[in-house]
2 protein chains.
Amino acid sequence: MAPTRMSRESLVPLLAAHVLQNGLAAASLRPLAKAAGTSDRMLIYHFGTKDALVAALLEYLAGMFAAALDTAFPKDRSASRRACAQTVYAITEEPQFAPFFRVWWDIVAGCSDDNAAYLDAAGGMMDVLLAWVVDHLPADDPDPQAGARAVLTVIEGAQMLRAVGCGDIAEAGLAALEGRPA
Amino acid sequence: MAPTRMSRESLVPLLAAHVLQNGLAAASLRPLAKAAGTSDRMLIYHFGTKDALVAALLEYLAGMFAAALDTAFPKDRSASRRACAQTVYAITEEPQFAPFFRVWWDIVAGCSDDNAAYLDAAGGMMDVLLAWVVDHLPADDPDPQAGARAVLTVIEGAQMLRAVGCGDIAEAGLAALEGRPA
DNA sequence: AGCGATCTGTAGCGCTCGCTACAAGCCTGC
DNA sequence: GCAGGCTTGTAGCGAGCGCTACAGATCGCT
């Protein structure tokens with residue numbers, strides 16, 4: 001195809017696209033290279049190690065996540081903490097988010113092995129999401145910092161329940177939260 | 001060692017112990033066999049397939065989980081929905097639960113690939129936990145079914161945040177929930 | 001005792017994994 | 001123009017993977 005020189009920067013988006021389609025845990029060098037139009041040999045050349053490649057990939061995915069929050073999510077504030085959680089839950093139910101969540105649970109599983117790159121990526125994404133929630137709580141929330149943490153906790157729980165096929169529990173759980181700030 | 005005959009039933013606990021120490025995603029036949037004092041050859045003989053072995057393992061782990069709820073967790077009811085969630089969070093913080101959670105996040109990640117065995121195991125564990133929460137809400141909770149779903153959602157969210165190194169968010173989030181039933 | 005079914009060890013198949021050795025291209029600076 | 005670096009292709013290494021073929025060993029049964 002394009003005979004242009006390759007670099008980490010040009011490769012990472014192509015690799016990320018493949019990972020979003022096929023999962024992170026199952027990603028190995030040869031299929032990744034094929035998806036990026038190169039060879040495993042060159043991936044090692046550019047990144048040095050598969051671990052370094054995955055670390056670059058995680059950083060890129062965290063950036064993608066932050067960008068997605070600014071585009072796919074509404075700009076206005078919610079009417080209540082509960083409504084804020086339900087909004088995020090409903091939006092992330094859209095099918096275009098499924099690939100991202102598949103990777104997300106691979107990241108969470110990777111964190112359980114105390115892998116620094118995974119922990120960094122996950123922590124970064126949670127920080128971004130927490131800041132977003134703070135900005136989208138009702139303007140009259142008495143304690144946005146605490147409220148955002150409560151909302152983020154229920155959001156993540158709901159998404160885990162949905163991931164394991166218990167979306168009904170998640171929806172009922174969200175609906176049963178307090179409607180107004182405590 | 002003991003030259004006694006082996007069977008699925010006698011093997012599964014030994015295999016489960018190895019998986020709890022080393023994770024589920026990384027488990028392969030030869031190390032599993034070594035941990036159980038046999039050979040990969042015999043594991044395939046008894047289970048037919050690695051997938052079938054994993055399915056049996058997941059079923060066993062789900063049973064272990066149900067049993068653990070009855071022993072490690074308090075018998076009395078909580079004073080509030082929030083207290084119930086905080087109790088479960090505090091107990092599962094004990095180090096002896098770490099191996100179980102490592103496997104748990106592997107299961108969640110496996111569910112994202114629509115693997116039936118993983119979905120069954122995860123759904124079973126959530127059902128057991130949900131029933132436990134129903135029984136441990138305050139006796140005067142106005143809607144135990146809905147309340148238990150809300151509590152379960154925040155518990156799972158808190159545990160995910162803890163898994164990715166954001167335990168501080170989880171604890172603040174739990175503390176900011178409503179103290180009494182909505 | 002002897003036969004058939006049930007178990008188990010040895011060896012190895014074909015495959016993929018991350019990674020490397022070696023050599024050839026290519027592009028830049030003198 | 002040509003020397004020396006940066007980039008790339010080919011081929012393969014050693015290891016581990018799930019799984020199987022084959023041959024004994026062992027057991028229950030008549």
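Throughout, a chain's letter reflects where its sequence line sits, starting with A, and its residues are numbered from 1.
- Among the nucleotides dT8(C), dC17(C), dT8(D), the one closest to any side-chain atom of Met42(B) is dT8(C).
- The nearest whole Å value for the distance from the OH atom in Tyr45(B) to the P atom in dC22(D) is 18 Å.
- Checking Ser39(A) against Lys50(B), the closest nucleotide of DNA chain D that is more toward the 5' end is the one next to Ser39(A).
- There is a path of hydrophobic side-chain contacts, each under 4.5 Å, that joins Tyr60(A) to Val19(A).
- Taking atom CZ on Arg41(B) and atom C1' on dC17(D), their separation rounds to 17 Å, with Å as the unit.
- Closest contact between the side chain of Leu29(A) and the listed nucleotides dA21(C), dG18(C), dC19(D) involves dG18(C).
- Using cut-offs of 30° and 60° for the angle between ring planes, the His136(A) and Trp132(A) rings count as parallel.
- Here dG18(C) is the nucleotide among dT8(D), dG18(C), dC17(D) with the atom lying nearest to any side-chain atom of Ser28(A).
- Each of Pro31(A) and Asp40(B) was assigned the nucleotide of DNA chain C with the nearest heavy atom; the assignment lying further toward the 5' end belongs to Asp40(B).
- Look at His46(B) and you won't find any side-chain N or O under 4.0 angstrom from OP1 or OP2 of dC7(C).
- One atom, CG of Leu43(A), and another, P of dT8(D), lie 11 Å apart when rounded to the nearest Å.
- Looking at heavy-atom distances under 4.0 Å, Thr38(A) makes no contact with the nucleic acid at all.
- Nearest-nucleotide positions on DNA chain D for Arg30(A) and Asp51(B) put Arg30(A) closer to the 5' end.
- Atom pair Phe47(B):CZ and dC19(D):C1' shows a separation of 16 Å (rounding to whole Å applied).
- Spacing between atom CD1 of Ile44(A) and atom C1' of dT20(C) amounts to 10 Å, rounded to whole angstrom units.
- Between the side chain of Asn115(A) and the backbone N or O of Gly110(A), no donor-acceptor pair lies under 3.5 Å.
- Under 3.5 Å, the side chains of Thr92(A) and Arg162(A) contain a donor-acceptor pair of N or O atoms.
- Following chains of ILVMFWY side-chain contacts shorter than 4.5 Å, one can reach Val151(A) starting from Phe65(A), so the two form part of one hydrophobic cluster.
- Computed from coordinates, the Lys34(A) NZ to dG18(C) P distance equals 16 Å when rounded to whole Å.
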